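All remarks here apply to the structure that follows.
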Amino acid sequence: MASNKKLLVLPGDGIGPEVVNEVLRLIDWMAKKRSVSFDIQEGKVGGAAYDADGTPLTDETMADAVHADAVLFGAVGGPQYDDLPFELKPERGLLRLRKEMDLFANLRPAMVFDAMADNSSLKRDLVAGLDIMILRELTGGIYFAEPRGIEDLPDGTRKGFDTNLYTTPEIERIGRVAFDLARKRESRVTSVEKANVMMSGVLWRETMTKLHAAEGGDIQLNHMYADNCAMQLVREPKQFDVIVTDNLFGDILSDCAAMLTGSLGMLPSASLGAEDPTTGRRHSLYEPVHGSAPDIAGKGMANPIAELLSFSMLLRYSFDMAEDADLIEAAIQKVLGSGLRTSDIMQDGMARVSTGVMMDSILQALNKMTS
Ligand code: IPM
Ligand code: MG
């Protein structure tokens, strides 16, 4: 069956290939049971690409990503690549994809599944039912701005430096995405920066305030310093609906929010570009929040749920297939509710299962729900 859904799959390193493989089983299931087909291409990224081609991302794979309707990404990195020169490190492959596909909007939902509320390091009542969305600006700020470098100083010492820089259009476009996301949720946005010490933060706050006055009449906007936000996330996380912030603060705060849920192995993310006004298409890449977990790679222990949920975000945001996404999420809830757990989310009284058995059970649940 010919398909108009072009998917580039980039498994990467560590547990990446294992969890992506489980999504491919789900895709097979969808072809058989839902008559949905994807045109799937596979590529290499990170250490896997370095081993094969001497670079963490070839120009060919980069071009494939730009031409795909969506990219499904696993994870990159591993200790064997730690000593590579900066530009050859596995992470550079991911950063190049983000930059060249202009994936400026990174959606990182942090939600607590009912069956998992006791897994958090916080008390149950602080996190039960938690559902917040961290929106991280992904193509600007200190991750990319120039100048950056390491230089020798006349006195024989050295300096290392980076630049944090945001322009008003960059802030406005991420701000608009925040408002749009909030409209489908509780219509509340917290904009996070450090306007008390950083000029880029002053501009961020001013620009968000103006954007809100012009376009956000239906949104409740408040501003918060990043350090306070970190504290509030562990004090009373349910106060938040959408948090919008820059690249670096978003990196840090999203790890913090992820851990609140007690299940890093269960959190997906979507990175989206701007919508093309004529075709309505947008570049997109979906990846789990967790990394390559080299310590458990190859052992069949990885939790496939974050990758599965990343795929369900892909269905929702790139292919408008909310019904299928809902179905997958419901099957996952069901299996968790039945007490199956991979090692990372194991609790007393539950049954520890491998990656493959977790997936078998999810497919069985899907079979039951659709028969
Ligand atoms: C993330 C990761 C990346 C980042 C690394 C792997 C480059 O931590 O996606 O949060 O810092 O953005
Ligand atoms: Mg990170």
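All ligand and atom numbering here is 1-based and tracks the order in the structure. Just so you know, these numbers come straight off a predicted model, no measurement behind them.
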Next item on the list: Starting from atom 10 (O) of ligand 1, locate the nearest protein heavy atom and write down its residue, its atom name and how far away it is, to 0.1 Å.
Entry: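 Atom 10 (O) of ligand 1 sits closest to the protein heavy atom D251 OD1, 2.9 Å.
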Next item on the list: Starting from atom 11 (O) of ligand 1, find the nearest protein heavy-atom neighbour and note its residue, name and distance.
Entry: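 Checked against all protein heavy atoms, atom 11 (O) of ligand 1 sits closest to Y143 OH, 2.6 Å.
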Note to self: Given W204, which partner from the list M198, K194, E193 fulfils the side-chain contact (heavy atoms from CB on, under 4.5 Å) test?
What the structure shows: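 The single option meeting the side-chain contact (heavy atoms from CB on, under 4.5 Å) with W204 is E193.
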Margin query: Do T278 and D276 pair up side chain to side chain, a donor and an acceptor below 3.5 Å, judged on atom types alone?
Written below: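 Yes, side-chain donor-acceptor contact under 3.5 Å.
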Next item on the list: Consider only side-chain N and O atoms of T167 and E170, and report whether a donor and an acceptor are under 3.5 Å apart.
Entry: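 A pair is found: one side chain offers a donor N or O, the other an acceptor, under 3.5 Å apart.
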Notebook entry, point to check: Could R136 and Y143 be counted as a cation-pi pair, given that NZ or CZ must be under 6.0 Å from the ring centre and within 45° of the axis?
Noted result: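 That pair qualifies as a cation-pi contact.
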Notebook entry, point to check: Got a sec: is D251 within less than 2.8 Å of the Mg ion (ligand 2) via an N/O/S atom?
Noted result: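 An N, O or S atom of D251 is closer than 2.8 Å to the Mg ion (ligand 2), so yes.
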Next item on the list: Below 4.0 angstrom from a heavy atom of E91, which ligand 1 atoms are there? Numbered from 1 as shown, please.
Entry: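 Close to E91: 6 (C), 7 (C).
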Item checked: R136, portion touching ligand 1 at heavy-atom distance under 4.0 Å ->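 Near ligand 1, R136 shows its side chain, while the N, CA, C and O stay back.
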Checklist line | For ligand 1, the portion of R98 having any non-hydrogen atom under 4.0 Å away | finding: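 For R98, the contact with ligand 1 is made by the side chain alone.
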Checklist line | Heteroatom distance test (R108, ligand 1): nitrogen or oxygen, under 3.5 angstrom | finding: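 By distance alone, the answer is yes.
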Margin query: Run N222 and T190 through side-chain hydrogen bond (donor to acceptor under 3.5 Å, both in side chains) and show every step you take.
Written below: CA-CA 5 Å; N222 72 310; T190 303; 3.0 Å; yes
Item checked: M199 atom CE, over 12 foreign heavy atoms within 6.0 Å ->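 Atom CE in M199 is not crowded, with 12 or fewer foreign heavy atoms closer than 6.0 Å.
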